[in-house]
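All remarks here apply to the structure that follows.
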Amino acid sequence: MTGNEDPSDHLTVTPPKTWATGLPAVAHALEYSLSQTSVRRTALTLLNVNQVKGFDCPGCAWPEPKPGRRHRNEYCENGAKHVNDEATSRRIHADFFREHSIAELDGKSDYWLNQQGRLTEPMVKRPGATHYEPIGWDEALGLLAGELRALDSPDQALFYVSGRLNNEAAFLLQLFARAYGTNNLPDCSNLCHESSGWGLRQSLGIAKGSVSLDDIHNSDLIFVVGQNPGTNHPRMLSALEETKLRGGRIVAVNTLPEAGLIRFKHPQKARGVIGRGTPIADQFLHIRAGGDLALFQALNKLLLEAEDAAPGTVLDHAWIEQHSTGFEEFAAHARSISWDDIHAATGLSRAEIEQVHQRVLASSSAIVCWAMGITQHKHGVATIREIANFLMLRGNIGKPGAGVCPVRGHSNVQGDRTMGVWEQMPQPFLDALGREFGFTPPSHHGLDAVRGIQAMLDGDAQVFVGVAGNFVRATPDSAVTERAMRNCRLTVHISTKLNRSHTVCGETALILPTLGRSDRDVQASGEQFITVEDSMSDVHASRGTLPPASPQLLSEVAIVSRLARLTLGEQPAIPWEEFEADYDAIRDRISRVVPGFEDFNERVRQPGGFNLPNPVNHGTFPTPSGKAVFSRNAFEMPLVPEGHLLLQSLRSHDQWNTVPYALDDRYRGIHNARRVVMVNPDDLAELGIADRAVVDLVSVWRDGVERRATGFTVVAYPASRGSAAAYYPETNVLVPLDSTADVSNCPTSKAIVVRLEPTPAA
Ligand SMILES: Nc1nc2c(c(=O)[nH]1)N[C@H]1C(S)=C(S)[C@@H](COP(=O)(O)OP(=O)(O)OC[C@H]3O[C@@H](n4cnc5c(=O)[nH]c(N)nc54)[C@H](O)[C@@H]3O)O[C@H]1N2
Ligand SMILES: Nc1nc2c(c(=O)[nH]1)N[C@H]1C(S)=C(S)[C@@H](COP(=O)(O)OP(=O)(O)OC[C@H]3O[C@@H](n4cnc5c(=O)[nH]c(N)nc54)[C@H](O)[C@@H]3O)O[C@H]1N2
Ligand code: SF4
Ligand SMILES: [Mo]
């Protein structure tokens, strides 16, 4: 279903698929692309995506193979859908906003809003108005600059950044925010891999993954934990297939038997199109929700006991001695974990875990990959630290085929952080920024996404600027967040497409439309390119190739530069005009402020760009002690009262974060509906709820406030016992604002205690 109508749910269910990608995936990608635009534009976009001279897929952050090894079609089904969702021929003009009031738009689905096409001109909603109306760029940016200048304190403004934003614009935005006087730079990482950042920083000293694609290909043993690559990082499956073909083994750990983890059919190889495909997971652990900390504690316990039984044969003593601290304390704690606790938390048998242990003993290198199934739990940071312990025990950091691999979401989410988009950038970065531009950046920490919402609710933040995301649908506690946004004096969104954040307005609201990745970007000095950094720290150029969606669009760099000039004037002396005219001028500055970007302009022009070295691969651990840190993590598992389930909010195959492209979740066998909750049939029997019953999801939280999402159809599904799964963003209303992960403050989107109540008949 790809029409313009507001879709209604007509659920059909088929058995979950046991393999991912192959020919149907190609067909689905083309079907969506052609519903959005012409054959010619589809061909143009698909020929250029992920090619050395083309543009980076605006989809996920999975890296491209080295230039000589790239396939002509180096994209996946979802990448193709994603590109053509941006390259759509549909347009939203001023008459659209005359026709539809904001209240009416607010009643439309996320799907419908996105289907209206690309935004083409700046729009304003004035105080008291019911509709958006056109506004010129100068007036729009002047209005925003005026509001910013009028605030009592720069900390009353928030600048939210999502991971689509390119390096150059991200660098300018954080520079602007800090020159203006605030570190309030909440970002989508706060909602996503924040727990990975904290866990890795504490254990290894750097908040990034340590592996390359070559490491993945050549590893003996890869764990894929809390991640659904078949849908969310499809080309990761080609990499895992290569691992398998070279003799590596894969252990998948998930609460759901996800199709891509089981079998993979490579869509660009004859064996994938015709054959049965490659089995991916050698072992699948159908773990209980939130049981991963206990699983890695169990594996660590088994390694320590195996070492006791055969000293000098299991652990890498040389590595531990030379590179780490805290081993003894960690080991004493790890030995004390009980099998009863491990079983309760994981739902796995000791035999299953011992089988994995044997695989570990048989391997001389190991990698652990993970995503939201780990980070969005209360104890996400502890789990990641336990994963680091696990790898460190056998020296699986900094050698080929080994390391940590947090698989990032948005295409440039890692780059935005490298460029300084974080509410608590370390002082050396702030000092370098201040030196380069001749001002003193504020050193007190800014607000993250969750604290930003609270500040808007309390009236402490009054101007919200969102870049490249959909803040009100990405964040928890939707009703509360919407109230927070409406409480602002001014809400501003720099976006390519219409979304709910544009319909939940402050007193005044602005929509500032911008170029997307696929659009050609021409400035005073000529055609520009931008740069991005993928999940494996490869930095490379991206050049749009399509005529812009509208002549009135400005690039993100241009919008930020003009806004900065209007807000700050000549103080401090930052050459904003020069930056807008020639992005090389921005890259020159980045090369002097951000470590690893020396000779940026030259190196990024080499085919495929360059790799930012990770110090842990050279035996350097930038922790306070200068060593990797073994940590002692208290045993923890989610506590779910009798008669309740632990709900995870996740992505369907046909959505990109807050934006559904269609109502299907093909691999899970869910068709034509999104208000669906998947529950284990034994749990349904215990709860006395029938398959296909229609229920409300009611979340239970310590504040006693009732949070309810109504009208979900129950689907009996092989979810692990005690858990349930439903799609985000429809379920964000259930996530309490203060239900966040320890240390990282990431919302617990994978751990919401709910009860299911029959929906009263209408
Ligand atoms: N097509 C598509 N691609 C995307 C996105 C998209 O929306 N659409 N979003 C992008 C972004 S921003 C991100 S962050 C990534 C997200 O990539 P994923 O993390 O794969 O995304 P989710 O759909 O949230 O899936 C979480 C996975 O963890 C499992 N899981 C849940 N709880 C647990 C648990 O307690 N333990 C274990 N072991 N497993 C658990 C779920 O069953 C599911 O397989 O994808 C990126 N790529
Ligand atoms: N319950 C629950 N909540 C979650 C999650 C979950 O698993 N469960 N996942 C969380 C995660 S991992 C993430 S990353 C966030 C995602 O949160 P966001 O990144 O904020 O959301 P997106 O849906 O990616 O944003 C889509 C919008 O981005 C704009 N856009 C697209 N491309 C461009 C571009 O090139 N430039 C500009 N300026 N705008 C562009 C379009 O207007 C589009 O409508 O959601 C989080 N929220
Ligand atoms: S795997 Fe990710 S980056 Fe690669 S083509 Fe697919 S969506 Fe795009
Ligand atoms: Mo994400």
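In each ligand, atom 1 is the first atom listed, and ligand 1 is the first ligand listed.
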Exercise. Around atom 42 (O) of ligand 1, find the nearest protein heavy atom and jot down its residue, atom name and distance.
Key: N254 OD1, 2.6 Å

Practice problem: Kindly state whether the ring of H193 and the ring of W198 have centres lying under 6.0 angstrom apart. | Solution: no

Quiz item: In terms of atom number and element, which parts of ligand 1 are under 4.0 angstrom from non-hydrogen atoms of A289?
Solution: 35 (O)

Practice problem: Give the numbers and elements of all ligand 1 atoms closer than 4.0 Å to a heavy atom of H410. | Solution: 12 (S)

Exercise. Start with the C-alpha gap between K208 and E533, add the side-chain angles, then the distance that decides, and say whether side chain to side chain contact (heavy atoms under 4.5 Å, CB included) holds.
Key: CA-CA 11 Å; K208 294 185 182 184; E533 173 186 342; 2.8 Å; yes

Quiz item: Can you name the nearest heavy-atom pair linking T120 to P513, along with the distance?
Solution: C-CG, 3.9 Å

Quiz item: Numbering the atoms of ligand 1 from 1, which are under 4.0 Å from a heavy atom of G290?
Solution: 34 (C), 35 (O)

Quiz item: So which bit of A474 gets within less than 4.0 Å of ligand 2, heavy atoms only: side chain, backbone, both or neither?
Solution: both

Quiz item: Considering only heavy atoms, which of Y727, F471, W656, Y728 lies nearest to atom 16 (C) of ligand 2?
Solution: Y728

Self-check item: N657 neighbourhood, listing ligand 1 atoms whose heavy-atom distance to it stays under 4.0 Å
Solution: 5 (C), 6 (C), 7 (O), 9 (N), 10 (C), 11 (C), 12 (S)

Quiz item: Using a distance-only test with no angle check, is there a side-chain donor-acceptor pair under 3.5 angstrom linking Q36 and T88?
Solution: yes

Quiz item: Hey, are S652 and D665 close enough side-chain-wise for a donor-acceptor pair under 3.5 Å?
Solution: no

Quiz item: Quick one: side chain to side chain donor-acceptor pair (under 3.5 Å) partners of H379, sequence neighbours excluded?
Solution: none

Practice problem: Could I get the full list of side chain to side chain contact (heavy atoms under 4.5 Å, CB included) partners for A177, not counting sequence neighbours? | Solution: F159, T182, L185

Quiz item: Quick one: does N78 get an N or O within less than 3.5 Å of an N or O on ligand 1?
Solution: yes

Quiz prompt | Q648-S723 side chain donor-acceptor pair, cut-off 3.5 Å | solution = no

Quiz item: Considering R651, R668, H377, which one's heavy-atom position lies nearest to atom 22 (P) of ligand 1?
Solution: R651

Exercise. Walk me through it: do W701 and S739 pass the test side chain to side chain contact (heavy atoms under 4.5 Å, CB included)?
Key: CA-CA 8 Å; W701 185 239; S739 175; 3.6 Å; yes

Quiz prompt | Element-labelled atoms of ligand 1 that are located less than 4.0 Å from some non-hydrogen atom of Q655 | solution = 1 (N), 2 (C), 6 (C), 7 (O), 8 (N)

Exercise. Do me a favour and list the nearest non-hydrogen protein atom to atom 26 (C) of ligand 1 with residue, atom name and distance?
Key: K750 CE, 3.6 Å

Practice problem: Show which atoms of ligand 1 fall inside a sub-4.0 Å distance from at least one heavy-atom site of I287. | Solution: 36 (N), 37 (C), 38 (N)

Exercise. Identify which of M372, H233, Q227, Q376 has a heavy atom lying nearest to atom 15 (C) of ligand 1.
Key: H233

Quiz item: Do the rings of Y160 and F471 sit parallel, tilted or perpendicular, given the 30° and 60° boundaries?
Solution: perpendicular

Quiz item: At what distance is the nearest protein heavy atom to atom 21 (O) of ligand 1, and which residue and atom is it?
Solution: N232 ND2, 2.9 Å

Quiz item: Based purely on interatomic distance, does S649 place a nitrogen or oxygen under 3.5 Å from a nitrogen or oxygen of ligand 1?
Solution: no

Quiz item: Nearest non-hydrogen atom to atom 11 (C) of ligand 1 belongs to which of G409, C192, S162?
Solution: G409

Quiz item: With a 4.0 Å heavy-atom cut-off (strictly under), which part of T255 contacts ligand 1: side chain, backbone, both or neither?
Solution: both

Self-check item: Whether L650 lies under 4.0 Å from ligand 2, heavy atom
Solution: no

Self-check item: For ligand 2, the portion of E556 having any non-hydrogen atom under 4.0 Å away
Solution: side chain

Quiz item: What pair of heavy atoms forms the shortest contact from H377 to A289, and how long is it?
Solution: CE1-C, 4.2 Å

Quiz item: Can a donor-acceptor pair be found between the side chains of H410 and N657 at a distance below 3.5 Å?
Solution: yes

Quiz item: What part of T514 sits under 4.0 Å from ligand 2 if we count only heavy atoms: the side chain, the backbone, both or neither?
Solution: side chain

Practice problem: Using distance alone, determine whether G226 and ligand 1 share an N or O pair under 3.5 Å. | Solution: yes

Self-check item: Numbering as shown, the atoms of ligand 1 that approach C60 to under 4.0 Å (heavy-atom distance)
Solution: 47 (N)

Self-check item: Short side-chain donor-acceptor distance under 3.5 Å, N732 and R473
Solution: no

Quiz item: Looking at T231, which atoms of ligand 1 are within less than 4.0 Å of one of its heavy atoms?
Solution: 1 (N), 2 (C), 3 (N)

Quiz item: Please state which protein non-hydrogen atom is closest to atom 43 (C) of ligand 1 and give its distance, to 0.1 Å?
Solution: E258 OE2, 3.4 Å

Quiz item: What residue and heavy atom of the protein are closest to atom 32 (N) of ligand 2, and at what distance?
Solution: R164 NH2, 2.6 Å

Quiz item: Counting only N and O atoms by type, is there a donor-acceptor contact under 3.5 Å from the side chain of Q116 to the main-chain atoms of W112?
Solution: yes

Quiz prompt | Working for ring-ring contact (aromatic ring centres under 6.0 Å, His included), residues Y583 and F529 | solution = CA-CA 8 Å; Y583 298 179; F529 66 87; 8.4 Å; no

Quiz item: Of the protein's non-hydrogen atoms, which lies at the shortest distance from atom 31 (C) of ligand 1, and what is that distance?
Solution: Q648 OE1, 3.1 Å

Exercise. Without swapping roles, check the side chain of T740 against the backbone of N745 for a donor-acceptor pair under 3.5 Å.
Key: no

Self-check item: Any N or O of N470 closer than 3.5 Å to N or O of ligand 2
Solution: yes

Exercise. Number the atoms of ligand 2 from 1 as they appear, then name those within less than 4.0 Å of a heavy atom of K497, with their elements.
Key: 41 (C), 42 (O), 44 (O)

Self-check item: Numbered atoms of ligand 2 (with element) below 4.0 Å of N499, judged on heavy atoms
Solution: 27 (C), 42 (O), 43 (C), 44 (O)

Quiz item: Can R674 and E730 be counted as an ion pair, charged N to O under 4.0 angstrom?
Solution: yes

Quiz prompt | Pair D519 + R118: basic N to acidic O under 4.0 Å | solution = yes

Self-check item: Proximal atoms of ligand 2 relative to S749 (non-hydrogen, under 4.0 Å)
Solution: 1 (N), 2 (C), 3 (N), 6 (C), 8 (N)

Quiz item: Short N/O distance, under 3.5 Å, between G163 and ligand 2?
Solution: no

Quiz item: Does a side chain donor of either H653 or T231 reach within less than 3.5 Å of an acceptor in the other side chain?
Solution: yes

Quiz item: Among D292, L285, L256, which residue places a heavy atom closest to atom 38 (N) of ligand 1?
Solution: D292

Quiz prompt | S699 side chain to R708 side chain, donor-acceptor N/O pair below 3.5 angstrom | solution = no

Quiz item: Do any nitrogen or oxygen atoms of T658 come within less than 3.5 Å of a nitrogen or oxygen of ligand 2?
Solution: yes

Quiz item: Under 4.0 angstrom from ligand 2, any heavy atom of N732?
Solution: yes

Quiz item: So is E86 polar-close to ligand 2, meaning N/O to N/O under 3.5 Å?
Solution: no

Practice problem: Classify the angle between the aromatic ring planes of Y661 and H82 as parallel (below 30°), tilted (30 to 60°) or perpendicular (above 60°). | Solution: tilted

Self-check item: N or O pair under 3.5 Å between R288 and ligand 1
Solution: no

Quiz prompt | atom 34 (C) of ligand 2 - nearest protein heavy atom and its distance | solution = T496 CG2, 3.6 Å

Quiz item: Any idea which protein heavy atom is nearest atom 40 (C) of ligand 1, and the distance to it?
Solution: G373 CA, 3.6 Å

